Amino acid sequence: MSQNRMRFAPSPTGFLHVGGLRTALFNYLFAAKSNGKAILRIEDTDQNRKVEGAVENLMESLKWSGFQFDEGANIGGEYGPYVQSQRLPMYQKYANQMVREGKAYFCFCSAEELTKIRENQLAKKLARPYDGRCQHLSQTEIQKRLDDNMPFVIRMKIPQDFEEYHVNDLIRGEVKFKTSQIDDQILIKSDGFPTYHLANVVDDYYMKITHVIRGEEWLPSTPKHIQLYEYLGWPIPQFAHLPLLLNPDKSKLSKRQGDVATEDYRKKGYLPEALINFVALLGWNTQDDQEIFSISELKEKFSLERVGKAGAVFDVNKLKWMNQQYIKEKTAEELYELVQPFLPEYTKKLDQEVLTRILTIIKDSMVLLTDVDQKLDLFCKENPTLSDDALIAISQTEDAQKVYKALLNQLEQTDNLSSENFGSLMKAVQKETGVKGKGLWGSIRVAITLVEHGPDLGAVVDIFGKEKCLKMIKNVIQ
Ligand code: GLU
């Protein structure tokens, strides 16, 4: 049996869409699981959509996500080049061959003519936007127009002598498409560049791709691709079209309702492991509904059989939850490295040891790496104070005020403060005020940590020491 070969074939539009990230991941996992090869191909033949720096950006996002392709752009391999704009003569060759064989034809229709034809077709309730009129031009007429330098495109002929195309899809089973609805697709545009359809098929053949795993939006194009394989006498790869990604309101995932670029998630403080884990579950799951997967576990457990047809909802709250789980698993030392890009300027004076200790304390309450900024306020700001009304109310109760005054008193009589003697001071406060339990600990927690639930009080006290604790208590005494 030949080796499985998969490809991720993004068009460099300026960023790596999270849907693209999922496609890359599923290709990568399928290759890993089946001892196959994952190939990275850049589909950059659309000159109108060219964006400066887009390829670099794409590569950067793929690298951040932790992918390692076996072959491809910037990697190399025996079927290169892996960038379509570097393979133009190849597409031209096959387009010309199909013209010679009567499987494709020159079309000279102008944009205005095409609009008219489309309107006509619509009026006649015909689904094909183009009526195929240039197919019937005589050889002399074609030559004359070519000699006159008339702009042209090359279109493939969709034969109209059978009723349906059948696409066998590994996820959807057999999908049928009416031949009468499939347009004579342009293969070579008037600028001489191939369209996605031709370039994609030629490259998949040349790169010996066995499985085409891509988004559902390409399913309607697949009959055209099948026709091209047949025209060129090439074996047809297996297809798997991944379900659409949806906004929570079930509409197609869009920028308007949230971030769609992988780099946005990186900038917002998500960990690549969490994002990968999250996108793995967009359309795929295990029988037992496990949610947290390391990449090696994904490689082991992934299968196309458990990818569904139904659209997958992109629930950012679930992603946040996952990110939190992954942050919790990091050691403070690992986190120290990870938060570096997100540290505000004023924390730069903290030394590594202190910052690592602080990270140990705040780690469990961090959802995003960017949270570090606000969580460090307590430790780094000169005079952090309560700002939340509900917490201010807690600090103003009679019991709380009694407790603060008693603790102030205790602190003033102590040489230093650490987690070791803090317990006994609190006992003394309890004895003196008669306040205990939540009334006692809750009010002190609010005064010292400025939150109701959060970091370990003893650990915070340890870092603050006597002076800062005194200051914090004075801040809340009325
Ligand atoms: N270049 C296409 C895209 O960016 C790839 C489609 C395919 O995988 O065939 O979505």
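This is a predicted model, so every value here is computed, not measured. Scope of the values below: all heavy atoms of this structure, side chains included, with no hydrogens, waters or symmetry mates. Each ligand, and each atom within it, is numbered from 1 in the order the structure gives.
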Quiz prompt | Atom NZ of Lys33: over 12 foreign heavy atoms under 6.0 Å | solution =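 Counting other residues, nucleotides and ligands, NZ of Lys33 exceeds 12 neighbours.
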
Practice problem: Answer yes when Arg41 and Asp204 have at least one side-chain N-carboxylate O distance shorter than 4.0 Å, and no when they do not. | Solution: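 Salt bridge present between Arg41 and Asp204.
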
Self-check item: Check ion pair Lys267-Glu263 (N to O, under 4.0 angstrom)
Solution: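 Salt bridge flag = yes for Glu263 with Lys267.
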
Identify each donor-acceptor pair in which a side-chain atom of residues 94-101 lies under 3.5 Å from a protein atom, sequence neighbours left out, and give them as a table.
{"unit_1": "Tyr94", "atom_1": "OH", "unit_2": "Tyr206", "atom_2": "OH", "d": "2.7"}
{"unit_1": "Asn96", "atom_1": "ND2", "unit_2": "Gln92", "atom_2": "O", "d": "3.4"}
{"unit_1": "Glu101", "atom_1": "OE1", "unit_2": "Lys103", "atom_2": "NZ", "d": "2.9"}

Exercise. With sequence neighbours excluded, tell me which residues meet side-chain hydrogen bond (donor to acceptor under 3.5 Å, both in side chains) with Ser294.
Key: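 Here the qualifying residues are Ser296.
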
Quiz prompt | Residues in contact with ligand 1, criterion: heavy atom under 4.0 Å | solution =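 Shell around ligand 1 (4.0 Å, heavy atoms): Arg7, Ala9, Pro10, Ser11, Glu43, Tyr196, Asn200, Arg214, Trp218.
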
Contacts under 3.5 angstrom, residues 59-66 side chains, donor-acceptor by atom type, not counting sequence neighbours:
{"unit_1": "Ser61", "atom_1": "OG", "unit_2": "Asn57", "atom_2": "O", "d": "3.4"}
{"unit_1": "Ser65", "atom_1": "OG", "unit_2": "Ser61", "atom_2": "O", "d": "2.6"}

